[in-house]
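To start, the structure under review is shown below, and the notes come after it.
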Amino acid sequence: MTKIITADNLDEAAQCIANGGTVVFPTETVYGLGADALNDEAVRSIFAAKGRPADNPLIVHIANREDVYKLTSKVSEDAEMLMDRFFPGPLTLIMAKAPCVGGVVTAGLDTVAIRMPSNPIAHELIEKSGCFIAAPSANLSGSPSPTVARHVIDDMDGRVDYIIDGGTSQVGLESTVVDVSGDIPEILRPGKITYEELREVVPGIVINKGILQETEKPKSPGMKYKHYSPKADVTVVMGSKDNIQKFIKSRITDKVGVLTYKGGTYDGAFVINAGNNMEEYANGLFYNLRLFDENGVDTVYAEFADEGGIGLAVKNRLFKSAGHKAVNADNINL
Ligand code: TXA
Ligand code: MG
């Protein structure tokens with residue numbers, strides 16, 4: 001039985017974590033499915049609840065900066081500077097792990113992913129549990145990450161001990177993942193903290209090639225799996241606004257959904273407006289993908305434009321949800 005609670009009741013959820021149970025909690029990015037990171041059995045129950053492949057490692061969430069030194073064996077100067085600027089917040093750092101970190105949470109790697117969330121409920125839960133909390137996004141493996149408690153309940157009711165309803169996630173996309181275990185910091189997953197912001201702190205930072213294309217051997221194990229997919233079939237549509245609209249209009253049937261960007265009307269389709277800037281697009285993306293499914297849509301056309309900043313993270317998630325199916329409407333004769 002899953003107990004659904006609010007932040008007023010954190011004590012029992014914290015106790016549950018300390019006892020080896022599973023608790024879904026809000027963070028500023030998306031909801032996380034947490035358990036004691038140093039308890040292998042507890043961590044295994046996260047993989048079981050999500051149906052997550054065992055070779056995809058989890059992020060360890062901490063409440064205090066000092067905890068970084070308990071979980072890692074080497075912290076580079078770049079890592080220190082990134083933490084100074086972005087902890088707590090939506091940034092995950094990959095560092096060499098300390099011996100106390102087991103092989104289940106790291107999926108056998110010699111590195112560990114660490115994040116210090118800024119969401120006060122997440123912070124308090126970690127503090128009160130007295131544990132470091134391993135937590136992936138709280139969706140069934142392959143589905144869009146949940147950004148409201150209702151979507152957590154859809155996926156996780158009956159599979160976890162507690163769900164804490166903390167309202168809507170502020171960011172809407174998962175944290176930026178940066179590998180600082182080698183000589184050159186590398187962005188493995190784009191997120192709210194952008195390449196442009198990271199470059200101000202560590203000018204040599206590079207972007208992993210797998211972010212915008214499918215690669216054979218990704219550095220972040222999670223990148224090789226099907227991700228963020230609603231049941232509907234998604235196609236990304238780019239090009240001039242005029243051509244995008246002509247292309248999509250030529251394909252409307254009663255089961256077509258359209259994710260418009262900066263407005264647009266599509267008679268006969270189920271239309272959701274992604275917003276007027278990439279922050280808004282990011283904030284609603286996962287929520288909107290699930291909304292199409294809830295409304296019986298079987299084909300989604302998503303308008304998109306390359307605008308940098310958090311747009312890189314939007315592009316990464318959107319292209320994955322589409323299985324990299326994209327068209328440039330400027331190149332199509334209608
Ligand atoms: O915002 C977030 O990061 C959310 C909230 C709950 O904190 N969590 C999240 O976790 O998105 P998850 O498991 O859905 O994604 C973690 C990503 C995966 O792609 C995983 O492969 C990668 O981080 N990762 C974890 N440990 C790693 C490691 N040691 N080396 C490389 N990649 C790692
Ligand atoms: Mg995830």
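Keep in mind that this is a model prediction, so the values were computed, not measured. We use all heavy atoms of the structure for the numbers below, so side chains are in, but hydrogens, waters and symmetry mates are not. Here, residue 1 is the first one in the sequence, and each next residue gets the next number. Every number for a ligand or one of its atoms is a count from 1 in the order of the listing.
At a heavy-atom distance under 4.0 Å, atoms from both the backbone and the side chain of Thr111 approach ligand 1. For Arg52, every heavy-atom contact with ligand 1 shorter than 4.0 Å involves the side chain, none the backbone.
No path of Ile, Leu, Val, Met, Phe, Trp and Tyr side chains, each step under 4.5 Å between heavy atoms, connects Tyr31 with Leu10, placing them in separate hydrophobic clusters. Both Leu71 and Val75 are part of a single hydrophobic cluster, where members link through side-chain heavy atoms under 4.5 Å apart.
Residue contacts with ligand 1 include Ile59, since one or more of its heavy atoms lies under 4.0 Å from the ligand. Contact analysis leaves Lys97 out of contact with ligand 1, as no non-hydrogen atom separation drops below 4.0 angstrom.
A cation-pi geometry, defined here as NZ or CZ lying under 6.0 Å from the six-membered ring centre and within 45° of its normal, does not hold between Lys315 and Phe304.
Of the candidates Ala113, Ser175, Pro57, Pro136, the one placing a heavy atom closest to atom 2 (C) of ligand 1 is Ser175.
When distances to the Mg ion (ligand 2) are checked against a cut-off of 2.8 Å, Ser137 contributes an N, O or S atom below that limit.
Atom numbering of ligand 1 starts at 1 in the shown order; those under 4.0 Å from a heavy atom of Leu109 are 28 (C), 29 (N), 30 (N). For ligand 1, the atoms sitting less than 4.0 Å from at least one non-hydrogen atom of Asn56 are 18 (C), 20 (C), 21 (O), numbered in the order shown with element in parentheses. Using a 4.0 Å cut-off to heavy atoms of Ser137, the atoms of ligand 1 that qualify are 8 (N), 9 (C), 10 (O), 12 (P), 14 (O). Within the listing of ligand 1, atoms 5 (C), 6 (C), 7 (O) sit less than 4.0 angstrom from a heavy atom of His61. The ligand atoms of ligand 1 that sit less than 4.0 angstrom from a heavy atom of Thr29 are 1 (O), 2 (C), 4 (C), 5 (C).
Between His61 and Phe132, the gap from one ring centroid to the other reaches at least 6.0 Å.
Here's the thing with Arg189: one of its N/O atoms is less than 3.5 angstrom from an N/O atom of ligand 1.
For the residue pair Ser321 / Ser229, no side-chain donor-acceptor distance below 3.5 Å is found, with atom types taken as modelled. Using modelled atom types and a 3.5 Å distance limit, the side chains of Arg199 and Thr194 yield no donor-acceptor pair.
Screening Thr111, Thr106, Val105 for a side chain to side chain contact (heavy atoms under 4.5 Å, CB included) involving Lys97 leaves a single residue, Thr106.
Checked for salt-bridge contact, Lys262 and Glu303 miss the test: no charged N lies under 4.0 Å from a carboxylate O.
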